[in-house]
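Here is the naming used below: chain letters follow the sequence lines, and residue numbers restart at 1 for every chain. These numbers come from the heavy atoms of this one structure, side chains and all, not from hydrogens, waters or symmetry mates.
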Amino acid sequence: MLDLKWVRENLDIVQKAIENRNMKVDLTRFRELDAERRRLIVDVEQLKNRRNVVSSEIAKLKKAGEPAEDKIAAMRELGEEIKRLDERLAEIEDALSAIMLDIPNIPDKSVPIGPDESANVVIRTWGEPPKFDFEPRPHWDLGIDLGILDFERAAKIAKARFVLYWDIGARLERALLNFMLDLHTKEHGYTEVFPPILVNSASLVGTGQLPKFADDLFKVQNEDLYLIPTAEVPVTNIHRDEILAAKDLPRYYCAYTPCFRSEAGAYGKDTRGLIRHHQFNKVELVKFVHPDTSYDELERLTANAERVLQLLNIHYRVVALSTGDLGFSAAKTYDIEVWLPGFGGYKEISSCSNFEDFQARRANIKFREEPKAKPRFVHTLNGSGLAIGRTVAAVLENYQQADGTIAIPEVLKPYMAGAEKITPRLF
RNA sequence: GGAGAGAUGGCCGAGUAGGUCGAAGGCGCUCGCCUGCUAAGCGAGUAGGGGAUUAUAAAGUCCCCUCGAGGGUUCGAAUCCCUCUCUCUCCGCCA
């Protein structure tokens with residue numbers, strides 16, 4: 001959410017930012033509601049002031065044993081008037097906050113302007129695509145033939161876009177998430193947390209998934225609870241409605257959680273393999289930082305995520321998202337796109353964003369510069385470090401051998417119970 | 001799931017026959033004084049949000065709201081009523 005006063009005074013900037021995002025929001029209604037709200041506040045508060053003054057006069061009269069019936073009668077009428085105005089004000093404020101919650105974040109100046117992902121800009125690449133003296137195969141073929149990925153049974157148990165990992169495939173998933181958690185906690189200074197994976201609607205409003213994107217979420221029946229689409233939601237909300245001390249910043253958290261997405265608008269997209277599932281595992285990095293440092297922190301966060309692929313020795317590139325491709329809450333985002341030789345292209349494996357104070361204002365996360373200073377909003381950031389399922393896909397495709405087996409990356413060997421490579425499951 | 005108790009400022013904790021209570025007191029914290037140093041002591045300050053005012057901002061001043069959340073009763077509610085949420089204790093069930 002943006003600051004109400006700031007929006008009032010910078011309507012043209014907001015309008016332009018929304019257009020750059022290829023979205024529409026009608027700001028004339030905002031202008032009307034905002035003006036009406038302030039008019040009403042002035043009126044109703046004047047009346048309330050009078051009520052307070054006269055009520056204390058009544059108290060004095062009562063104490064002195066003197067009659068106050070005329071004043072009480074007058075206040076009874078005033079009370080009715082106040083009630084009417086308060087109701088009207090509440091309606092206006094509801095409508096206004098609905099608009100405010102629907103306005104996306106303002107992209108940072110450095111974000112490339114463009115209508116969609118075609119305007120994204122490649123910032124850097126790392127490593128090189130592996131060379132094969134055979135035709136590399138996609139991970140789903142490899143996984144199915146090795147008997148470690150079972151899409152058919154997963155569809156039987158749940159539905160399409162789920163997977164059942166078998167044996168060393170399951171271990172590879174677990175190895176990757178342990179490797180990532182160890183890397184970020186031991187070498188990058190993150191504190192590991194393990195949060196609830198069901199969250200309430202207030203948390204989802206805090207990070208920006210609600211009210212706008214309810215269709216993307218799985219909701220628990222008859223409860224105000226949703227399956228998390230990303231650990232960003234519970235972890236960012238750790239400090240909802242809190243005021244941190246300046247010395248508490250920056251805070252770095254990492255979390256492994258499963259993630260659940262309805263993929264409502266994704267029919268026909270990425271229908272094969274591990275790329276776009278209703279349930280997937282992810283290690284998430286979340287930062288709470290001082291506003292002055294958030295863009296430096298974004299660079300470091302992205303570097304922390306990249307480190308995973310570097311250690312796995314898998315080629316990738318980093319892309320700056322354009323205004324048209326940028327997420328609703330983000331001010332700036334780098335996607336890390338991993339090379340998938342069997343699939344024959346790059347695929348997003350991490351999305352690292354600076355939300356500035358957009359989430360902090362929604363979730364009311366503040367800090368004090370000095371012990372007595374006025375609280376200010378922190379800046380929040382997060383990024384995948386990394387999505388596990390897509391990393392499995394990347395390992396399978398990049399480490400595949402001519403005979404259909406998969407070599408195990410050096411850094412994963414300590415996590416693989418002595419296995420040197422993935423061979424077909426025999427039972 | 002059943003029964004009971006509770007929810008007040010960063011923390012602890014007063015405050016129920018409704019009337020200067022946004023709230024005593026203590027701790028903590030900030031600033032100052034005092035003191036070779038430290039401790040102790042003394043003084044002052046110390047919730048959040050919103051609105052008005054000033055050409056903008058900071059500061060200031062005035063006002064409104066908030067004593068878990070939302071509603072109600074009343075001229076007036078931390079105090080009374082209703083609903084919800086959470087915490088604790090006991091019982092039941094359960095990994």
When you compare B:rC33 with B:rA39, how far apart are their P atoms, in angstrom units rounded to a whole number?
-> 15 Å
Has A:Lys413 got more than 12 heavy atoms of other residues, nucleotides or ligands less than 6.0 Å from its NZ?
-> yes
Could you measure between the two P atoms, the one in B:rG41 and the one in B:rA58, and give it in whole Å?
-> 39 Å
Could you check A:Ile72 against A:Glu93 and say which one's nearest nucleotide on RNA chain B is further toward the 5' end?
-> A:Glu93
Output for pair (A:Ser294 OG, A:Glu299 CD), nearest 0.5 Å, gives 11.0 Å
Hey, where on RNA chain B does chain A first and last touch, going 5' to 3'? Cut-off is any atom under 4.0 Å from a heavy atom.
-> B:rG19 to B:rG76
Rounded to whole angstrom, note down the P distance from B:rG25 over to B:rG45.
-> 11 Å
Got a sec, which residues hit side-chain hydrogen bond (donor to acceptor under 3.5 Å, both in side chains) with A:Asn120, two or more places apart in sequence or on another chain?
-> A:Ser322, A:Asp325
Nearest heavy-atom approach of A:Gly404 to A:Leu142 is O-CD2, 4.3 Å
Rounded distance in Å between the P positions of B:rA5 and B:rG9 = 23 Å
Any idea which heavy atoms bring A:Val283 and A:Met180 closest together, and the distance?
-> CG2-CB, 4.0 Å
Nearest heavy-atom contact between A:Ala360 and A:Val378 is CB-O, 3.2 Å
Hey, does A:Lys48 reach any base, or is it just sugar-phosphate, or nothing, if we go heavy atoms under 4.0 Å?
-> sugar-phosphate
More than 12 heavy atoms of other groups within 6.0 Å of A:Arg8 CZ = yes
For atom C1', what is the distance between B:rC63 and B:rG72, given to the nearest Å?
-> 26 Å
NA contact type, A:Arg37, heavy-atom cut-off 4.0 Å: base, sugar-phosphate, or nothing?
-> sugar-phosphate
List the atom pairs, with distances to 0.1 Å, where a side-chain N or O of residues 237-248 of chain A and a protein N or O form a donor-acceptor pair under 3.5 Å, not counting sequence neighbours.
{"unit_1": "A:Asn237", "atom_1": "OD1", "unit_2": "A:Arg240", "atom_2": "NE", "d": "2.7"}
{"unit_1": "A:Asn237", "atom_1": "ND2", "unit_2": "A:Ser203", "atom_2": "O", "d": "2.8"}
{"unit_1": "A:Asn237", "atom_1": "ND2", "unit_2": "A:Val233", "atom_2": "O", "d": "2.8"}
{"unit_1": "A:His239", "atom_1": "ND1", "unit_2": "A:Glu242", "atom_2": "OE1", "d": "2.8"}
{"unit_1": "A:His239", "atom_1": "NE2", "unit_2": "A:Tyr253", "atom_2": "OH", "d": "2.6"}
{"unit_1": "A:Arg240", "atom_1": "NH2", "unit_2": "A:Ser203", "atom_2": "OG", "d": "2.9"}
{"unit_1": "A:Asp241", "atom_1": "OD1", "unit_2": "A:Asn364", "atom_2": "ND2", "d": "3.1"}
{"unit_1": "A:Asp248", "atom_1": "OD2", "unit_2": "A:Ala245", "atom_2": "N", "d": "3.0"}

Using the P atoms only, state how far B:rA17 lies from B:rC81, rounded to an integer number of Å.
-> 13 Å
Matching residue for A:Phe358 among A:Trp6, A:Phe328, A:Phe377 - test: ring-ring contact (aromatic ring centres under 6.0 Å, His included) | A:Phe328
Tell me, which of residues 355-367 of chain A have any heavy atom that sits under 4.0 Å from an atom in RNA chain B?
-> A:Lys366
Tell me which residues in residues 50-57 of chain A put a heavy atom below 4.0 Å from RNA chain B, sorted by number, or none.
-> A:Arg51, A:Asn52, A:Ser55
Using a 4.5 Å cut-off on heavy atoms from C-beta on, say whether the side chain of A:Val54 contacts that of A:Leu78.
-> no
Taking the nucleotide of RNA chain B with the closest heavy atom to each, which residue, A:Ala73 or A:Glu45, is nearer the 5' end?
-> A:Glu45
Verdict with supporting geometry, A:Asn304 and A:Tyr190, side-chain hydrogen bond (donor to acceptor under 3.5 Å, both in side chains) | CA-CA 10 Å; A:Asn304 294 153; A:Tyr190 291 77; 2.7 Å; yes
State whether the number of non-hydrogen atoms from other residues, nucleotides or ligands found under 6.0 Å of A:Arg29 atom CZ is greater than 12.
-> no
Mind pulling the stems RNA chain B is in, i.e. runs of at least three Watson-Crick or G-U pairs, everything under 3.5 Å?
-> B:1-7 with B:85-91, B:10-12 with B:25-27, B:28-33 with B:41-46, B:47-53 with B:60-66, B:68-72 with B:80-84
Distance only, no hydrogens: is a donor on one side chain within 3.5 Å (strictly under) of an acceptor on the other, for A:Thr380 and A:Gln359?
-> yes
Could you work out the separation of B:rG22 and B:rG28 based on their P atoms and round it to a whole Å?
-> 28 Å
Within the structure shown, what part of the strands sits under 4.0 Å from A:Ile41 by heavy-atom distance: base, sugar-phosphate, or nothing?
-> sugar-phosphate
Nearest-angstrom distance, C1' atom, B:rU66 to B:rG71 = 16 Å
Heavy-atom distance under 4.5 Å between the side chains of A:Leu204 and A:Pro229, does that happen here?
-> yes
